[in-house]
Amino acid sequence: MSSDLPSPPGDGPDLTDADYDYAADDVAEPGLVADLEDLVDGDVRFDTYSKQLYATDASAYRRTPIGVVLPRHTDDVAAVMSYCAAEGIPVLPRGGGTSLAGQTVNEAVVLDFTRYMDGIHEVDPDAREATVDAGAVVEAVNEAAAPHGLKFGPDPAWRDKSAVGGAIGNNSTGSHSLKYGKTDAYVEEVEVVLADGSVETFGEVAVETMRAEADPDGELLERIYAELVRIVDEEADAVTERYPDMKRNVSGYNLDVLVDEARGEWADQGIGAGGTGEPGTVNLARLLCGSEGTLGIVTEATVSLVEVPETKAVALLTYDSLNEAMDDVAPILEHDPAAVEVMDDTLLDLARQTTEFGDVVGLLPDGTDSVLLVEFYAEDDDEGREKVADLVADRCPGTDTVVEPTADRVDTDEPIRARAAMEAHDADERATFWKMRKSGLPILLGRTSDAKHISFIEDCAVPPEHLSEYVEGFQELLEEVGTFASFYAHAGPGVLHVRPLVDTKSLEGMEQLERIAEGATDLVVEYGGSVSGEHGDGRARTQWNRKLYGDDLWNVFRDLKAAFDPDWLLNPGNVCGDHSLTEHLRFDPEYAFDAGFDPELHWDNENGFRGMAELCHGCGGCRGGQSTTGGVMCPTFRAADEEIQSTRGRANLLRGAMSGELPADPFSEEFADEVLDLCIGCKGCKRNCPSGVDMAKLKAEVAHERHEREGASLRDRLFANINLVSRVGSALAPLSNWATKLPGSGVVAEKALGIAAERDLPAFRRTTLRDWYEARGGSAVSEADADRIAVLVPDTYTNYNHPEAGKAAVRVLEAAGVRVELADVEDTGRPAHSMGFLDTARERTAAAVDDLAPRVDEGRDVVVVEPSEAVMLQSDLLDFHDTAAAAAVAANSYGVLEYVDAFRLDEAMDLAGDGSLTYHGHCHQKATKKDHHAVGVLRRAGYAVDPLDSTCCGMAGSFGYEAEHYSMSTAIASILYDQVDASPGETVVAPGASCRSQLGDREGAGEEPPHPVEKLAAALA
């Protein structure tokens, strides 16, 4: 057993300083709630907010649940199921809510396993097994198994947000299914709560044992056994005949595995670790794979693990058409790749538009229409290079490769279709190719138009030898209905992701939806494929199982369902039920949206504020953990582990309140407190959300409107005008600083203003940066001698609280031959913007433009020490002013080390940095992809730098000073502290003043860390 398993997050922060309960005040079914609360140790939530939060998943569907229970253990699950069975109430088990076909939304009591039941109990490296709770995230299992060189085989794209129970319910797989198959190959045993509330352990069992215990009129388990024996005895031939001969089929129930195991044939696939391979023995845990919670509720699972490959190698083959690429898949499979992925011209064009991948796509030959990414696993680098060389020699002969092809290579003797080939062996190069393959999807999902790229037939699967015909037929179908789609993803096993552009808010779009789904199903049946090769049946595809399997097997499915669930209470309607493709869509012709106000900010997207409020498609990208997912978002979710604190949760509630789906006022005190108040404005979602949902900007609009309607507190006004407060505090220093140190001053500040008594307020400096600059006589570099001229903005924090960072910036820039002038403006509008005072922010940004634009016109650059202020000028400024002057200021504004890096100013300096640094970047700079500049400069200066893949520090400007937010702020900070403690750096550096303040409170820190520009200044010879 592993001794260093990661601990589950537990109950989240102790919010003793706030009244957050993550729920609305109104509760439906209070009697039912009282009964369940008496039965379970977990949380019972039947309020309107909770129901709205769980009404959607990553699919196109919306169905309001009866209520939500967050169970703590199997006894809770059994108690809920027993109660609901007696009362005739449906129950739906749910993991991360990342399902694309709508299988995790239903009118039922939802059980969310990810809140408490997410533990990893054991990793046994000798047996190559792990025993985990159903709510454990797949990537967390991999993290626990990694020290032993092991992992869970299936690799669904969202494995860092998806739960193991969800992978079982969906029978998930991923890009490397050619090697690893589906989840069912790895499930050895499960603990399962059945429809009557009884708890059973499902694993291997002899058919004869089931036969001996079977009784069609007996107890529930006896009836289940009777039906399973009947299927094995009477339906085996029909199952073998009608099931697609494909590894990638998750449509219907897993009867093919049941039959093959009973015959002793299934283990011959050689996938996974378990299975006797003996005739007459089946594993009932595998029958639950792909059942979508309709047969039983998995609470714990023992899964087998596989070895992590020693190394990998990648080839990228280019083609003149998608059909030629599809024709080449079958011969490529003869080379035994681990993955074969396709990108068509639509995705390549989208990738070409991105800064990150434009250069990579630009390396492709002119006229490239589609590419195949082929990955190999290898024992060492030499073998990987040889595998790529052998493939290229066969499919694109004449192309130079890193090594010569082997003498005994595979030669498929197929027509040559590829026009060029590229190879990647270095880990970073391979990652770039894979990121390019995935880069277009966020753009597809980022449409704010009424028409969306909807997932409803996106994972139909056909045998690889029929891919070209299938694609041709599908393209004709799309043309007939008047829309288009991109074709991408898992070409190797025959699973193409296709998301047609459809507007389901219109009747025409609804008709397109039906025609495409039925036409795609007909194509799948014609070519011997599956209507779902990866993402399950759910609401989108259940109705097509009848066409795929025929009436007889459809009725077998229903008989099996009835045996397990006589009253059809477990996630009713899925797999063999009555779901219809076009019912309960999130957006339909009856949907309406009314924000209730006129937005203040400029929204440079289709449908403006509404388009952004409707943008979240529910993928759960904001729910990843720091160690498994990284990135900035969403810090409050990572600290609290509550759905309402994810970007998805906030977006769902905001959209629901403004569309009438949620009976709540988005400008009310309760909505502000429970939904938006803990959004700290880090902007992580703007960068890390696959759709680019900008929750910070949405919150600013709503906060402004609430101020207009309800007024604002004195504390909010003080923080919005912190520049004026700081000016007075500086003028009165050191008296102003002594006042905050007097006994009881913290208590007074908390009671009078709501400022946390635990916080030490920033010290004011009597000699400001501006005072120092003027006293030294301005810049030490004359205009005649200057290589560049920089206008340094003495922002509030640098000018009045941290002038050392500003002085260091001046010394660094002057050492590079830059003349430094100070701007007249100090307040860029950031504080007012952060507090939701948009009118005030507009005035201050206008003043900033008036001051800076003429200087930019004269050829000067704008430089800012404080990151949030820099991003205000670079990005947020344009939300207020759509003018040439504002655009010029934005385009010529830089963070100080971004400025040094952009113009390689450090090359003109004599630098001798020494020691190692731990670098925590500012979340706003990360959101705008500018956080890397400081790292590069510091490394070139001679420092060893460990850049943390960290989220927000939790201080977030004024947020951490506000009394009701103190515990949340420190809970978020603890995530960062753990990363700092694990870093080898000797000194912590952070560009943000708030970050430095938070890091200064870390146990053992002693003092606030320096700004990275101070370390650069210290390296000057």
Side-chain angles (χ1 to χ4, degrees), residues 600-601 681 696 700 703-704 707 712 714-733 736 761-765 768-774 790-803 805-806 809 821-856 862-881 883 885-886 889-890 892-896 922 924-925 955-959 961 991-994 997 1011:
E600 283 290 322
L601 300 174
H704 173 79
H707 290 328
L714 174 60
R715 184 188 67 185
D716 287 352
R717 294 187 182 279
L718 284 174
F719 281 134
N721 292 280
I722 194 66
N723 190 69
L724 297 177
V725 174
S726 298
R727 186 179 301 168
V728 173
S730 175
L732 296 177
S736 53
L761 295 175
F764 299 110
R765 301 301 180 87
T768 66
L769 174 64
R770 190 181 295 280
D771 293 338
W772 171 84
Y773 177 84
E774 291 175 353
V791 178
L792 184 68
V793 176
D795 62 83
T796 299
Y797 313 103
T798 305
N799 192 41
Y800 296 111
N801 306 113
H802 301 283
E821 302 172 349
L822 287 195
D824 294 331
V825 67
E826 296 173 1
D827 188 344
T828 65
R830 167 60 70 200
H833 182 277
S834 296
M835 302 306 299
F837 293 93
L838 298 186
D839 286 345
T840 302
R842 185 185 303 278
E843 292 172 3
R844 291 174 184 167
T845 52
V849 172
D850 289 344
D851 176 26
L852 299 173
R855 304 194 187 198
V856 169
V862 178
V863 178
V864 190
V865 175
E866 178 61 31
S868 62
E869 304 279 348
V871 172
M872 188 70 194
L873 295 178
Q874 293 170 324
S875 175
D876 298 324
L877 172 74
L878 301 178
D879 290 336
F880 293 99
H881 308 287
T883 65
V889 171
N892 291 278
S893 293
Y894 304 87
V896 60
H922 193 279
H924 285 189
Q925 287 187 320
M955 186 63 81
S958 65
F959 180 88
Y961 289 102
S994 294
S997 175
H1011 189 294

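For the numbers below, each heavy atom of this structure counts, side chains included, while hydrogens, waters and symmetry mates do not.
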Any side-chain to backbone donor/acceptor pair from [X] onto [Y]? Under 3.5 Å, distance only.
X	Y	value
S875	V871	no
E866	T796	no
H924	E869	no
H704	L838	yes
R842	E600	yes
D850	A847	no

(Q) Applying ring pair (Phe, Tyr, Trp, His ring centres under 6.0 Å), can you list everything that pairs with F719, at least two apart in sequence or on another chain? (A)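 Applying ring pair (Phe, Tyr, Trp, His ring centres under 6.0 Å) to F719 gives none.
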Q) Among all residues two or more places apart in sequence or in another chain, which pass the ring pair (Phe, Tyr, Trp, His ring centres under 6.0 Å) test with F959? A)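 Listed in chain order: H965.
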Taking atom [atom1] of [X] and atom [atom2] of [Y], what is their separation to the nearest 0.5 Å?
X	Y	atom1	atom2	answer
L732	F764	CG	CZ	9.0 Å
N723	N799	CG	CG	8.0 Å
H833	S868	NE2	OG	11.5 Å
S893	M872	OG	CE	11.5 Å
R717	I722	CZ	CD1	15.0 Å
T828	D851	OG1	CG	12.0 Å

Q.
Less than 4.5 Å apart, side chain to side chain, heavy atoms only: is that true for F880 and L601?
A. yes
Q: For residues L792 and L769, determine if any side-chain heavy atom of one lies less than 4.5 Å from a side-chain heavy atom of the other.
A: yes
If you look at every heavy atom in [X] and [Y], which pair is closest and at what distance?
X	Y	result
A890	Q874	CB-O, 3.5 Å
N801	S726	OD1-OG, 4.3 Å
A853	A885	CB-CB, 3.9 Å
A696	G681	CB-CA, 3.8 Å
A846	H881	N-NE2, 3.3 Å
V865	D795	N-OD2, 4.0 Å

(Q) Applying the side-chain contact (heavy atoms from CB on, under 4.5 Å) criterion to P762, which one of Y797, Y961, Y800 satisfies it? (A)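 Filter result, single survivor: Y961.
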What residues form a salt bridge (Lys or Arg N to Asp or Glu O under 4.0 Å) with [X], not counting sequence neighbours?
X	result
D716	none
D827	R844
D824	R855
E826	R727, R770

Q: May I ask you to say whether R765 pairs ionically with D771, meaning some side-chain N is under 4.0 Å from a carboxylate O?
A: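 Salt bridge flag = no for D771 with R765.
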